[in-house]
Amino acid sequence: MTQDMLTLDFDKIIERLQTHAVSPLARKKLADTAPIMNEGLCKARMEETTAALHVMKNAGSPPLAEMEEAEKSLTEAAQGGMLLPEQLSGVARFCVTVRRMRRYLQSAEMFSAGIASWQTELPDLRALEEEIDGCIREDAILDDASPTLRNLRRQRERAEQEIREKLNQVLLHQKQKLTDSYITQRNGAYVLPVQKRFQSAFPGRVVDASAKGNTVFMEPTVVQALRQTLEGLLMEIDTEERRILWTLSDRVAGEEQALRASIRVMTDLDALFARAKLSAEMDARPVAITGERRIRLVQARHPLLNPTACVPLDLEMALPDTGIAVTGPNTGGKTVCLKTVGLLTLMAQSGLHIPCGEGTVIGMMDHVLCDIGDSQSISQNLSTFSGHMTNVIRVLQSCSRDSLVLLDELGSGTDPLEGSGLAAAILEELVRRGCFFLVTTHDPQIKQWAEQTQGVVSARMAFDRESLMPLYRLELGMSGESCAIEIARRLGMDEGLLDRARQVAEHGPAVKAETGRHRPMRVPASRLARQEVKKEGSFERFAMGDSVQLLPEKKTAIVYRGADDDGNVIIQLQGEKITVRHNRLKLLVPAAELYPPDYDFSIVFDTVANRKAAHTIARRYDADAVVVLKEGKTEEWRG
């Protein structure tokens, strides 16, 4: 998680999101939640969250369970280990959860076909569930697990009963030699408590003695043979129980692929429904995601503030305007405004619903960068200014045209004149790059600069002059000798910006910037992958060598021949050429990014023998060489 995400409290949102996951595996997956750079994937994630919330409201909460122990047991079984009864019971319970989830997804079909389609990825584990339940119950092996075990346990019960009967007879006839009238077990043998002075007169062997030595625990001679028989039975029972556990463990190992697929799908579903549960908790809603450079917030609330006390925010940023300069009183909500815009952008681009009103639109950003300090700080000294400048320099080094930049109290913490100069130079650079930015300030020169600069909108946080209290409402279109430059140079600020800062500090923001003296700073390329708008009736053609994913199996393949007019594409999958429809393929990496322009694709699609045969035909006539081509199937050179 980046420094900017932490500053905007995105980590706290993720922590709340994780609390809604049932399994540790899903919580671990959710910990990696981050803004999505691909427009199509981002929209799909938002729609998926919306569908899950709709299903949950109509079909109830999904049957999810912890899967960590089941995964550990599966790994142990796959490595050749013997699972204990409680481990096998855990695997059986997981199979039950999978069966219930399949049924839940089937019932969800009337509410969302997309969510219901997950059931096709969940294997049927009923056979394994029934096999384990037939042998294990409540973490113990059942008598009916095998006929042999049932017979041996009955023999054990008869042997134990016979021993107790013999001991009761001894109790009756040797009562005067005993310290008490009870039967107990010591060191695996049934014994009677005999007085120490009668030890030699009592028929039997000493097994143990009391702490004081006044009592010895003796096994009567009449049960010694029965005890040996019982020990033999116990060994046979243990052997048979182990055989049953080994058999079931091998059965679990045999279903490793199906079980791992189930764990993966259940983890994904757990994470998906966690996003839906967070939406319900925050009273959030889905928003429109667009690749256009636009942000429109309607009645938006900061998700970490008390919703009853939080004043909703209305804000719109759209071209040709790219920046907003916000002024207003201290504690007026300027910093909360910045954090709300940044945090909601991160959440929406991560596929999460946000607390807002209908009509909210979030434009995708390749970075959300910020320098937001503590608005409650009383003293601002040199070290504070250095920290701000370090942050701003980092922002400028990462900011592209598609970035969102949030700067709080830009230029503060130093001499006002030079601070104003630096702030104006930085903002002019952001205007030049064309990125979206919001800046808060108390500086009158920056207010003037915003009013005079094309593409920048002035805004203020409303203030009640009668009560002298802030209203926390954003109103657009209204504005309610130092070492700063040298420190900025020492920290690595661009020389051109430093020269411009001096100009503004000496002559005011109206002075025209000098051009040609310094090379403009490098602007990083955008990381966004915008969704291509396809014409009606058109489809992806693909090209030879494109790396694609075959759906719904999600297997990686290589395109052998692009789509024909009917939309059929020939791909090579695991060494075999097959024909599939274009809409079952998802482009992963274009061939142009994988191979040089003159690459010989026969290396990919033909065997060594095939290439040799082709080379022979090309070099000379060979009457015995025959090339057989089968469209959509394995191609072979036969010579």
Side-chain angles (χ1 to χ4, degrees), residues 66 68-69 72-73 76-77 79-93 132-249:
E66 294 191 1
E68 198 170 32
E69 293 304 319
K72 290 179 181 178
S73 299
E76 185 175 342
Q79 293 174 349
M82 185 189 76
L83 300 183
L84 299 176
E86 55 267 27
Q87 291 175 297
L88 290 166
S89 293
V91 173
R93 286 192 294 271
I132 295 176
D133 282 343
C135 298
I136 308 292
R137 191 70 51 81
E138 295 180 356
D139 299 341
I141 302 176
L142 299 174
D143 291 346
D144 293 333
S146 74
T148 302
L149 181 62
R150 182 172 57 250
N151 182 48
L152 288 171
R153 285 183 173 177
R154 287 177 179 174
Q155 293 182 48
R156 180 194 63 189
E157 291 173 1
R158 287 195 294 268
E160 290 175 343
Q161 180 63 28
E162 192 173 351
I163 289 174
R164 281 191 289 270
E165 290 175 355
K166 295 284 187 183
L167 290 174
N168 283 328
Q169 292 177 9
V170 175
L171 274 174
L172 185 61
H173 295 91
Q174 303 286 346
K175 189 174 182 179
Q176 69 282 1
K177 298 177 183 177
L178 305 177
T179 58
D180 207 341
S181 299
Y182 64 87
I183 301 171
T184 186
Q185 277 188 307
R186 293 296 175 92
N187 299 329
Y190 287 94
V191 295
L192 298 174
V194 180
Q195 297 181 47
K196 176 68 174 177
R197 57 196 180 95
F198 292 117
Q199 174 182 341
S200 58
F202 188 87
R205 69 181 184 93
V206 176
V207 177
D208 200 359
S210 64
K212 294 183 178 180
N214 297 328
T215 301
V216 291
F217 297 95
M218 300 185 66
E219 180 187 41
T221 304
V222 295
V223 300
Q224 290 181 10
L226 289 172
R227 188 254 306 161
Q228 293 173 356
T229 300
L230 179 60
E231 289 177 349
L233 288 171
L234 292 174
M235 291 179 63
E236 290 183 55
I237 290 171
D238 181 73
T239 301
E240 179 62 13
E241 288 178 345
R242 286 178 174 274
R243 185 194 67 79
I244 293 169
L245 294 178
W246 277 115
T247 300
L248 293 175
S249 299

Worked check of side chain to side chain donor-acceptor pair (under 3.5 Å) between Gln87 and Glu69: CA-CA 8 Å; Gln87 291 175 297; Glu69 293 304 319; over 6 Å; no
Sort and list the pairs that fulfil salt bridge (charged side-chain N to carboxylate O under 4.0 Å, His left out) and have at least one residue in residues 149-160, not counting sequence neighbours. Asp143-Arg153, Asp144-Arg150, Arg153-Glu241
Salt bridge (charged side-chain N to carboxylate O under 4.0 Å, His left out) against Glu240, all qualifying residues, sequence neighbours excluded: Arg243
Of all heavy-atom pairs between Tyr182 and Leu192, which one has the smallest distance, and what is that distance? O-CD2, 3.6 Å
Starting at CD1 of Ile141, measure out to CG of Leu245 and round the result to the nearest 0.5 Å. 4.0 Å
Locate the shortest heavy-atom distance separating Thr179 from Val194; write the atom from each residue and the value. CG2-C, 4.1 Å
Test of understanding: with salt bridge (charged side-chain N to carboxylate O under 4.0 Å, His left out), list the residues that count as partners of Arg205, not counting sequence neighbours. Glu219
Excluding sequence neighbours, so at least two apart, what forms side-chain hydrogen bond (donor to acceptor under 3.5 Å, both in side chains) with Asn151? none
Show every salt bridge (charged side-chain N to carboxylate O under 4.0 Å, His left out) that has at least one partner inside residues 162-184, sequence neighbours left out. none
Taking only distance into account, with no hydrogens and no angle test, what donor-acceptor pairs under 3.5 Å do side-chain atoms of residues 132-140 form with protein atoms, sequence neighbours excluded?
from	atom 1	to	atom 2	distance (Å)
Arg137	NH2	Asp133	O	3.0
Asp139	OD1	Ser89	OG	3.2

Residues in side-chain contact (heavy atoms from CB on, under 4.5 Å) with Thr239, at least two apart? none
Decide yes or no for Val206 and Met218: does some side-chain heavy atom of the first lie under 4.5 Å from some side-chain heavy atom of the second? yes
Please name the pair of heavy atoms, one in Pro220 and one in Tyr190, separated by the smallest distance, quoted to 0.1 Å. CD-O, 4.3 Å
In short, salt bridge (charged side-chain N to carboxylate O under 4.0 Å, His left out) pairs touching residues 186-204 with sequence neighbours left out are Arg186-Asp208
Output all residues satisfying side-chain hydrogen bond (donor to acceptor under 3.5 Å, both in side chains) with Glu231, sequence neighbours left out; order by chain, then residue number. Arg227
